[in-house]
Amino acid sequence: MAEAHQAVGFQFTVRPDGVDLKLSQEVIKNIYLSGLTAWKKKAIQFKSLVKMFSGRRPLLYSFQASLPRLPVPNVDDTIHRYLESVQPLLDSKQYNQMEILANDFKDSKAALLQRYLILKSWWATNYVSDWWEEYIYLRGRSPIMVNSNFYIMDLLYVTPTHRQAARAGNMVHAMLQYRRKLERGEHAPLRALGTVPMCSTQMERMFNTTRIPGIETDIVQHLTDRKHLVVYHKGRFFQVWLYTGGRHLLPSELETQFQRILNDTSEPQPGELKLAALTAGNRVPWARTRIKHFSQGANKVSLDAVESAAFFLTLDDEPQGYDPTKTRSLDSYAKSLLHGKCYDRWFDKSFTLISYPNGKMGINVEHSWADAPIVGHMWEYVLATDCFHLGYSEEGHCKGDVNKGLPHPARLQWQISKECQDAIETSYLSAKQISDDVDFHACLFSDFGKGLIKKCRTSPDAFIQLALQLAQFRDQGVFCLTYESSMTRMFRDGRTETVRSCTSEAVAFVRAMEDPGATNAQRLALFRTASDKHQNMYRLAMTGSGIDRHLFCLYIVSKYLGVNSPFLEKVLSEPWKLSTSQTPQQQLNLVDINKFPKYVGAGGGFGPVADDGYGVSYIIVGENLVTFHISSKFSSPDTDSYRFGQHIWKAMLDIQSLFKPENDKRVENAKHVQLENGKKHA
């Protein structure tokens with residue numbers, strides 16, 4: 001989701017010294033280590049693959065070994081597609097200059113860099129993913145709050161109980177059930193379009209995982225089964241054990257523990273209130289503070305408890321959620337999930353579960369270990385389990401007996417010096433400046449949805465992407481480089497690829513929409529051409545023939561080898577002023593939306609990518625709703641998230657109006673067929 005922010009202008013911090021031979025050895029060593037990591041993953045998955053043969057039902061990793069490797073595209077093809085993608089954004093002089101840079105790269109340096117990539121693709125299971133994680137995420141030194149982390153919301157219209165401790169109890173128990181099935185490989189294999197197997201390796205680090213800060217690079221620490229949870233409430237940290245007598249705590253037992261925390265009136269220890277702000281600020285100060293103040297004694301013990309926890313839970317003290325009677329209630333909810341108060345989420349944990357006093361929930365997710373659909377899969381399961389399997393009593397409590405004999409949650413102990421408190425405050429002020437600048441608007445587009453779009457015989461995603469292009473042009477008066485996230489998980493260890501949505505065909509369509517002399521028939525024809533182009537580009541991205549990951553890896557190799565490429569430098573520094581992502585609905589079998597139309601999720605979102613651009617996440621909910629999550633920065637005089645939401649709304653309606661004659665004709669034809677059939681039966 002938020003990866004576009006990290007993909008622009010990142011700093012390469014590997015600095016090998018010496019002659020060309022040493023530089024070559026450095027890249028060979030890196031490729032070798034990539035292969036070792038890949039083989040370790042295979043060993044971990046071996047147990048699950050063995051289990052596949054002991055039962056009839058395929059398990060989560062049943063098809064993992066059969067997944068193909070991500071192919072390295074042909075350099076000529078990548079450069080051709082790249083030039084095609086930037087042509088509508090450049091004038092003739094700029095395009096000619098870019099063409100010269102591209103051809104010079106192709107004729108002089110590309111072959112050498114490509115050879116190393118092909119070598120890596122033979123040895124490692126994926127030639128992109130480990131470098132993507134390291135250089136796009138873990139080596140980034142700027143704050144991950146807003147810039148990298150993303151969020152997912154609760155059910156939009158339904159709150160199963162308004163008791164905070166009870167809702168948290170059910171949700172945590174459902175997560176433990178999901179984790180147990182994950183560890184046993186018992187989830188059904190992930191499949192694209194319900195048939196094509198997809199890679200599941202990202203799911204391995206969902207729980208028991210923390211991003212650990214470092215001076216030059218962070219690391220992702222993943223542990224085996226953790227038996228405790230750390231809970232934050234009103235400036236205090238509590239440790240809650242998740243097992244008793246060799247079993248998970250029941251929902252009613254978890255409710256009891258969380259209610260005890262809510263009832264606790266003790267004050268925060270000095271420096272404890274804003275301690276988590278360290279995870280919200282710049283990475284280098286956090287790494288240095290961690291080494292100096294959290295490497296021994298009580299602070300180390302307590303920090304270890306946080307970083308080794310299954311996940312992090314915040315019992316928030318301000319209600320949030322969608323309220324149709326309150327203006328922009330979803331906007332406030334989104335900002336709360338994205339950054340909160342800058343010190344009440346542990347942004348380094350794989351995810352922070354957030355519980356509100358009115359019963360609403362949500363999660364804030366650290367991005368390096370996985371992409372949004374992975375967390376979305378877990379969230380769909382948890383929401384369905386909470387509402388349709390666990391349930392609540394008539395009074396809104398978790399079902400089951402209350403066990404008052406459980407040991408009380410234990411306060412974590414901190415000894416935070418004045419120097420450390422100053423570092424915490426510095427990180428907090430830095431993070432607050434970022435959070436205060438986030439302009440967020442969540443837009444519930446309910447005039448029509450996937451149902452009507454499919455009747456227009458077009459792809460819902462292409463329809464929305466073209467609406468975004470039209471909205472962007474109306475908002476800014478110019479076209480811009482546009483990032484749409486696509487997945488490559490049909491390949492082993494695949495993550496994402498970029499679809500460059502601002503095509504020449506899309507530009508031609510938008511110009512026709514703004515040309516009063518154009519007819520609707522002309523506009524519709526251009527729309528279909530642009531839609532077909534977008535679908536083809538999406539297919540190319542999914543099947544390993546994208547542009548950006550290939551160029552990114554060529555750039556990484558060039559840095560290892562000390563090869564200067566003005567072309568690659570230019571490509572990797574281009575700003576994505578419009579960054580977009582669709583949140584997919586994956587497990588449609590969990591909830592029958594036709595029977596329970598109110599039990600729909602609101603999707604999630606991410607922070608603004610460019611200082612003067614927009615971030616847009618959207619989810620197509622059922623047949624009649626599309627939810628847009630729009631972010632930008634207040635500090636930019638050129639952007640306004642609410643205004644952009646209005647442009648999206650109008651663009652959706654304007655495009656739909658092009659199809660009205662076609663739809664009316666189809667309705668008339670259907671009526672005629674019904675009439676003729678009636679005559680035959682008469």
Side-chain angles (χ1 to χ4, degrees), residues 7-12 14-31 34 69-124 126-128 131-132 135-136 481-483 488 497-500 502-505 507 533 536-537 540-541 543-576:
V8 176
F10 67 93
Q11 293 184 347
F12 194 94
V14 169
R15 295 183 293 274
D17 299 319
V19 296
D20 288 348
L21 176 61
K22 284 193 175 181
L23 293 169
S24 298
Q25 288 173 342
E26 186 70 29
V27 70
I28 291 291
K29 176 184 175 184
N30 195 280
I31 290 170
S34 297
R69 295 170 185 260
L70 182 69
V72 180
N74 180 282
V75 171
D76 289 356
D77 291 342
T78 296
I79 290 177
H80 171 75
R81 291 183 187 122
Y82 170 77
L83 290 173
E84 184 183 39
S85 75
V86 297
Q87 190 165 17
L89 305 172
L90 305 176
D91 60 33
S92 58
K93 182 180 179 181
Q94 292 170 326
Y95 180 77
N96 289 337
Q97 290 173 339
M98 181 57 77
E99 197 172 32
I100 291 169
L101 288 176
N103 288 330
D104 176 67
F105 169 73
K106 181 170 62 173
D107 296 337
S108 62
K109 300 160 185 173
L112 172 65
L113 307 182
Q114 180 79 345
R115 279 198 295 272
Y116 280 105
L117 276 195
I118 292 172
L119 175 63
K120 186 184 180 188
S121 73
W122 291 344
W123 173 240
N126 191 294
Y127 80 93
V128 176
W131 283 350
W132 187 252
Y135 294 110
I136 295 301
L481 192 62
T482 304
Y483 186 113
T488 56
E497 178 57 275
T498 305
V499 179
R500 292 175 167 240
C502 187
T503 61
S504 296
E505 292 80 0
V507 167
K533 175 68 173 181
N536 183 55
M537 290 184 62
L540 288 171
T543 54
S545 297
I547 300 167
D548 289 274
R549 299 302 177 269
H550 186 202
L551 293 176
F552 162 77
C553 287
L554 289 171
Y555 177 76
I556 296 295
V557 176
S558 77
K559 287 299 182 181
Y560 273 115
L561 295 178
V563 173
N564 181 48
S565 170
F567 170 68
L568 292 176
E569 295 280 355
K570 178 72 173 172
V571 171
L572 270 293
S573 64
E574 292 171 334
W576 302 94

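Just so it is clear, the structure is predicted and the values come from calculations on it, not from any experiment.
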Quiz prompt | Lys120 side chain vs Tyr127 backbone, donor-acceptor pair below 3.5 Å | solution = yes
Quiz item: Between Trp576 and Thr482, is any pair of side-chain heavy atoms under 4.5 Å apart?
Solution: no
Self-check item: Nearest-0.5 Å distance that lies between atom CD1 in Ile79 and atom CG in Leu551
Solution: 7.5 Å
Quiz item: For the residue pair Tyr135 and Tyr555, is the inter-centroid distance of their aromatic rings smaller than 6.0 Å?
Solution: no
For residues 102-111, dump all side-chain donor-acceptor pairs below 3.5 Å to protein atoms at least two apart in sequence or in another chain.
residue	atom	partner	partner atom	Å
Asn103	ND2	Glu99	O	3.2
Ser108	OG	Asp104	O	2.6
Lys109	NZ	Asn564	O	2.4

Exercise. Using a 4.5 Å cut-off on heavy atoms from C-beta on, say whether the side chain of Val507 contacts that of Cys502.
Key: yes
Quiz item: Rounded to the nearest 0.5 Å, how far does CG of Leu481 lie from OG of Ser85?
Solution: 7.0 Å
Quiz item: Distance from Leu568 atom CG to Ile556 atom CD1, nearest 0.5 Å?
Solution: 10.0 Å
Quiz item: After noting the C-alpha distance and the side-chain angles of Asp91 and Gln94, does the key distance pass the side-chain contact (heavy atoms from CB on, under 4.5 Å) rule?
Solution: CA-CA 5 Å; Asp91 60 33; Gln94 292 170 326; 3.1 Å; yes
Exercise. Side-chain contact test, heavy atoms from C-beta onward, threshold under 4.5 Å: evaluate it for Met98 versus Phe567 and give yes or no.
Key: yes
Quiz item: Do the non-hydrogen side-chain atoms of Trp131 and Arg549 ever get within less than 4.5 Å of each other?
Solution: no
Quiz prompt | Close side-chain approach of Tyr95 to Leu83, heavy-atom, < 4.5 Å | solution = yes
Self-check item: Point-to-point distance, once rounded to the nearest 0.5 Å, from NE2 of His80 to OG1 of Thr78
Solution: 11.0 Å
Quiz item: Any side-chain heavy atom of Leu117 within less than 4.5 Å of one from Leu113?
Solution: no
Exercise. For the pair Glu84 (side chain) and Ser504 (backbone), establish whether a donor and an acceptor sit closer than 3.5 Å, ignoring hydrogens and angles.
Key: no
Self-check item: Contact summary for Val563 and Leu112, nearest pair of heavy atoms
Solution: CG2-CD2, 4.3 Å
Quiz item: side-chain contact (heavy atoms from CB on, under 4.5 Å) between Val571 and Phe552: does it pass, once the steps are laid out?
Solution: CA-CA 9 Å; Val571 171; Phe552 162 77; over 6 Å; no
Quiz item: Does a donor on one side chain sit under 3.5 Å from an acceptor on the other, for Glu497 and His550?
Solution: no
Quiz item: Is the closest side-chain heavy-atom distance between Val128 and Leu70 below 4.5 Å?
Solution: yes
Self-check item: Check: Ser545 side chain, Ala541 main-chain N or O, donor-acceptor pair, under 3.5 Å
Solution: no
Practice problem: Please answer whether the main-chain N or O of Asp548 pairs with a side-chain N or O of Arg500 as donor and acceptor at a distance below 3.5 Å. | Solution: no
Practice problem: Could you check if a side-chain atom of Gln114 sits within less than 4.5 angstrom of a side-chain atom of Ile118, using non-hydrogen atoms only? | Solution: yes
